[in-house]
Amino acid sequence: MNAAIDVFKRNEFPGSSLAALNAWVAEVAALTQPDHIHWCDGSDAENALLTKQMLADGTLLPLNPETHPHSWLHRSSPSDVARVEHLTFVCTAQPDDAGPNNHWMAPAEAHAKMDALFAGCMRGRTLYVIPYCMGPIDSPLSRCGVEITDSPYVVANMRIMTRMGAPALARIEREGTFVKGLHSTGELDPDRRFIMHFPDELAIKSFGSGYGGNALLGKKCHALRIASHQARHEGWLAEHMLIVGIENPQGETHYIAAAFPSACGKTNLAMLIPPEGYRQAGWKVWTVGDDICWMRPGADGRLYAINPEAGFFGVAPGTSDSSNPNALATISHHTIFTNVAVTDEQEPWWEGLDTRTPALDWQGRKYDPANGPAAHPNSRFTVSAKQCPSYSAKAEDPQGVPISAIVFGGRRASLVPLVFEARDWTHGVLVGAAMGSETTAAATGAVGVMRRDPMAMKPFCGYNFADYFAHWLSFDRAGAKLPKIFHVNWFRKGGDGKFLWPGFGENLRVLEWMIQRVEGKADAVETPIGHLPRAEDLNLDGVALSDEAHDLLFGFDRAGWQAEFAGIGEYLQEFGARTPQALKDEQQRIAARLAH
Ligand code: GTP
Ligand code: SPV
Ligand code: MN
């Protein structure tokens with residue numbers, strides 16, 4: 001047992017045990033009036049029975065059993081296809097504790113509003129009790145929760161995405177603490193849809209949506225919004241990050257955690273396949289997690305990370321044998337597909353998969369390009385991480401993996417170079433806090449709009465960003481051996497509007513430079529925004545880059561960065577006096593350097 005784990009404080013709430021769980025289930029049943037109550041044990045038999053029921057009532061549709069054994073298609077309500085940030089609230093006693101980065105409602109008002117929606121909502125339905133564990137079942141870093149839902153689709157997804165069932169219930173009984181998540185699909189009416197978080201009560205109430213991030217409460221609601229709040233009080237970090245291991249030809253593995261906003265490349269980087277030359281030389285890539293990372297300092301001062309999830313809820317469009325062969329292999333069986341198209345042969349299909357023309361679109365209509373894409377742009381697959389060929393044996397390690405580098409990145413069509421390195425931790429926190437990215441189809445609303453998305457946590461931080469930045473800064477203390485911090489941009493575009501960097505597997509070239517920097521073996525040029533590699537500092541053998549690509553991917557545009565830093569300064573002002581002075585000082589120091 002790692003000594004550091006003994007000092008890992010827990011946010012106990014007294015009086016909670018299986019008795020508390022039973023009492024809560026009874027209270028919810030009295031409110032929601034279900035016809036039946038089912039306690040999920042997570043067994044194969046239970047899953048088989050639920051699947052049979054869902055196939056019978058059309059919740060799941062069969063896919064081709066020859067090409068996609070044990071795989072199903074779910075078509076959601078067309079108005080319920082993504083996270084709803086405008087309907088997602090953090091309910092703290094004081095609005096300032098939720099911060100300008102969250103929608104806020106007073107807890108009593110939010111409870112009253114939600115309880116009115118939940119009243120009688122499960123009549124004619126079954127109430128499922130899902131005990132789950134986020135993280136390896138025997139890890140001291142893991143945390144448990146219980147989701148109550150009336151959706152068998154949610155049960156089936158939670159079974160893949162978390163360690164669900166009897167072992168989680170046993171841990172809850174042992175620990176006496178769990179996050180309470182109450183969910184109902186209601187009538188799937190967007191006007192009666194809310195996702196409410198009560199961090200001080202370790203509770204979530206979600207009504208009116210069956211979509212992943214709104215309904216699988218272990219994921220964004222628990223593992224990020226509630227967990228970030230707990231992490232702040234207990235001295236750790238709950239982040240929207242992939243975790244990937246890069247093994248060099250000498251057999252040494254560095255673990256990298258990377259925060260990119262939704263639909264900006266986490267799953268792809270986590271499952272990267274090295275370019276041919278790297279493969280031949282013996283490089284290997286190991287997937288630990290693709291969306292969420294919980295990190296805490298270990299006894300040796302390094303940050304140790306676990307992936308709290310057990311599966312991938314990944315973006316389908318763009319996933320192909322050339323972009324992400326590991327993902328394609330992972331989803332070849334035992335997979336739930338949501339809102340993809342299907343071919344004549346009942347195979348799942350999406351834009352970017354191959355050149356076939358699908359038969360039916362995501363709504364089950366005969367495919368007609370006039371209706372838009374065949375697969376919804378936010379169509380997804382749910383699959384066990386164990387099916388991934390690159391799944392790391394270390395992903396199940398209760399101690400987690402030591403992190404050598406933290407990477408921030410967004411979709412930036414202009415200005416931001418391929419990669420740069422922060423000078424130190426404080427600068428790195430500013431780089432994360434200043435992240436910008438174009439919005440994607442993962443949330444409802446306009447796509448392609450540039451917004452600030454600090455640490456890719458804009459939709460997921462369960463408390464005031466100013467306090468979150470202070471929490472990040474607090475890790476720089478005596479004895480800490482912190483990872484280096486980098487920023488990447490795979491999405492820089494040229495004059496023709498096309499991506500300048502080939503991306504995907506080729507991103508390993510950038511990761512290699514980072515690892516060399518960590519080991520003190522690679523060069524870089526010092527600029528006001530950080531250390532930039534020259535093109536020759538990266539291994540670009542076999543990559544054909546135009547002159548324009550060279551200039552823009554490795555260049556530093558002083559005038560552009562002056563404007564960017566003015567914008568970053570204004571953004572930090574939005575958090576007022578709560579913004580840490582060290583962060584404001586860092587922004588001003590760099591702005592001043594950019595000015596001459
Ligand atoms: P969430 O699950 O929403 O958190 O998304 P994610 O960050 O895991 O994004 P994902 O890896 O699923 O990628 C989203 C989209 O970006 C897909 O359509 C990918 O094909 C595309 N993409 C991923 N990596 C790259 C890259 O290196 N270059 C380019 N051009 N596109 C990429
Ligand atoms: C994201 O939107 O960042 C996702 C999908 O990973 S969801 O689970 O809906 O949040
Ligand atoms: Mn995500």
Side-chain angles (χ1 to χ4, degrees), residues 76 80-85 88 154 157-158 161-162 195 206 209-225 239-244 258-273 287 289-293 309 311-324 326-328 331 338-339 350-353 373 375 377-382 407 409-413 418-419 437-445 447 453 455-460 488-494 497-511:
S76 78
D80 183 34
V81 293
R83 282 182 295 99
V84 282
E85 295 180 5
T88 299
V154 165
N157 278 271
M158 284 290 283
M161 296 304 297
T162 72
I195 327 295
S206 164
S209 168
Y211 171 76
N214 303 329
L216 311 179
L217 301 185
K219 196 170 172 57
K220 297 303 172 39
C221 300
H222 175 165
L224 289 179
R225 296 195 194 94
E239 299 299 324
H240 191 203
M241 291 178 175
L242 68 96
I243 309 165
V244 67
F260 308 149
S262 302
C264 291
K266 288 183 300 300
T267 301
N268 278 270
L269 195 70
M271 296 181 190
L272 177 155
I273 296 219
T287 308
D290 83 325
D291 198 51
I292 302 182
C293 165
E309 301 193 279
F312 308 125
F313 181 61
V315 176
T319 307
S320 75
D321 216 15
S322 60
S323 66
N324 193 347
N326 272 329
L328 218 56
I331 62 181
T338 300
N339 291 337
W350 47 83
E351 276 69 17
L353 176 63
N378 192 39
S379 53
R380 299 230 168 208
F381 50 78
T382 319
V407 183
R411 271 180 199 265
R412 296 296 297 263
L418 181 62
V419 57
S437 196
E438 291 156 19
T439 52
T440 65
T444 54
V447 167
D453 190 349
M455 281 85 168
M457 285 287 278
K458 168 71 187 71
F460 307 120
V488 300
N489 180 20
W490 314 141
F491 300 96
R492 186 82 184 255
K493 287 182 178 167
K498 294 201 174 122
F499 294 123
L500 291 168
W501 175 248
F504 303 102
E506 308 298 335
N507 293 335
L508 183 59
R509 300 171 188 280
V510 177
L511 301 185

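One-based numbering, in listed order, for ligands and for the atoms of each. None of these values were measured; they are calculated from a predicted model.
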* **Check: Trp490 N/O within less than 3.5 Å of ligand 1 N/O** => no

* Structure fact -> ligand 2 to Ala442, heavy atom cutoff 4.0 Å, flagged ligand atoms 2 (O)

* Does an N or O anywhere in Tyr211 fall below 3.5 Å from an N or O of ligand 2? -> yes

* Asked: Any nitrogen or oxygen of Gly213, main chain or side chain, under 3.5 Å from a nitrogen or oxygen of ligand 2?
  -> yes

* Asked: Of the protein's non-hydrogen atoms, which lies at the shortest distance from atom 8 (O) of ligand 2, and what is that distance?
  -> Lys219 CE, 3.0 Å

* Asked: Heavy atom under 4.0 Å from ligand 1: found in Thr440's side chain, backbone, both, or neither?
  -> neither

* Given that the side chain starts at C-beta and the backbone is N, CA, C, O, which of these parts of Phe460 lies under 4.0 Å from ligand 2, counting heavy atoms, or is it both or neither? -> side chain

* Look at atom 1 (P) of ligand 1 and say which protein heavy atom is nearest, naming residue and atom and giving the distance to 0.1 Å. => Ala263 N, 3.4 Å

* To do: Could you please tell me which protein N, O or S atoms lie under 2.8 Å from the Mn ion (ligand 3)?
  => Lys220 NZ, His240 NE2, Asp291 OD1

* Asked: ligand 1 versus Leu269, non-hydrogen atoms closer than 4.0 Å: side chain, backbone, both, neither?
  -> neither

* With a 4.0 Å heavy-atom cut-off (strictly under), which part of Trp501 contacts ligand 1: side chain, backbone, both or neither? -> neither

* Do Val315 and Arg380 touch side chain to side chain, with heavy atoms closer than 4.5 Å? -> yes

* Asked: Does the N or O separation between Lys266 and ligand 2 drop below 3.5 Å for any pair?
  -> no

* Any idea which part of Ser323 is under 4.0 Å from ligand 1, heavy-atom wise: side chain, backbone, both or neither? -> neither

* To do: Could you tell me whether the side chain of Asn324 reaches within less than 4.5 Å of the side chain of Phe504, counting heavy atoms only?
  => no

* Asked: Closer than 4.0 angstrom: is that true for some heavy atom of Pro261 and an atom of ligand 1?
  -> yes

* To do: Just jot down the ligand 2 atoms closer than 4.0 angstrom to any heavy atom of Lys220, in number order.
  => 1 (C), 2 (O), 3 (O), 4 (C), 5 (C), 6 (O), 7 (S), 10 (O)

* When you measure from atom 9 (O) of ligand 1 to every protein heavy atom, which one gives the shortest distance, and what is it? -> Gly265 N, 2.9 Å

* Just which atoms of ligand 2 are under 4.0 Å from any heavy atom in Ser262? -> 1 (C), 2 (O), 3 (O)

* Do Asn378 and Val81 touch side chain to side chain, with heavy atoms closer than 4.5 Å? -> no

* How far apart are the C-alpha atoms of Ser262 and Arg83, what are their side-chain angles, what is the distance that settles it, and do they pass the side-chain hydrogen bond (donor to acceptor under 3.5 Å, both in side chains) test? -> CA-CA 10 Å; Ser262 302; Arg83 282 182 295 99; 2.9 Å; yes

* Can you find an N or O of Phe499 that's nearer than 3.5 Å to an N or O of ligand 1? -> no

* Under 4.0 Å to a heavy atom of Phe313 - the qualifying atoms of ligand 2, by number -> 5 (C), 8 (O), 9 (O)

* To do: Indicate yes or no: at least one non-hydrogen side-chain atom of Leu216 is less than 4.5 angstrom from one of Val154.
  => yes

* **Polar contact flag for Lys220 and ligand 1 (N/O pairs, less than 3.5 Å)** => no

* To do: Report the member of Leu500, Asn268, Val488 with the shortest heavy-atom distance to atom 19 (C) of ligand 1.
  => Asn268

* Validation row: Trp490, Asn268 side chains within 4.5 angstrom (heavy atoms) -> no

* To do: Number the atoms of ligand 2 from 1 as they appear, then name those within less than 4.0 Å of a heavy atom of Asp291, with their elements.
  => 6 (O)

* Heavy atom of Glu506, distance to ligand 1 below 4.0 Å -> no

* Going by atom types alone, do Asp453 and Ser437 pair a side-chain donor with an acceptor below 3.5 Å? -> no

* To do: Return the option from Arg411, Arg83, Arg380 holding the heavy atom at the smallest distance from atom 3 (O) of ligand 1.
  => Arg380

* Counting heavy atoms only, which part of Ser262 comes closer than 4.0 Å to ligand 1: side chain, backbone, both or neither? -> both

* His240 heavy atoms, cut-off 4.0 Å: which ligand 2 atoms fall inside? -> 3 (O)

* Should Asp291 and Lys266 count as side-chain neighbours, where that means a heavy-atom distance under 4.5 Å? -> yes

* To do: Just do the side-chain hydrogen bond (donor to acceptor under 3.5 Å, both in side chains) check on Ser206 and Asn214 with the steps written out, would you?
  => CA-CA 7 Å; Ser206 164; Asn214 303 329; over 6 Å; no

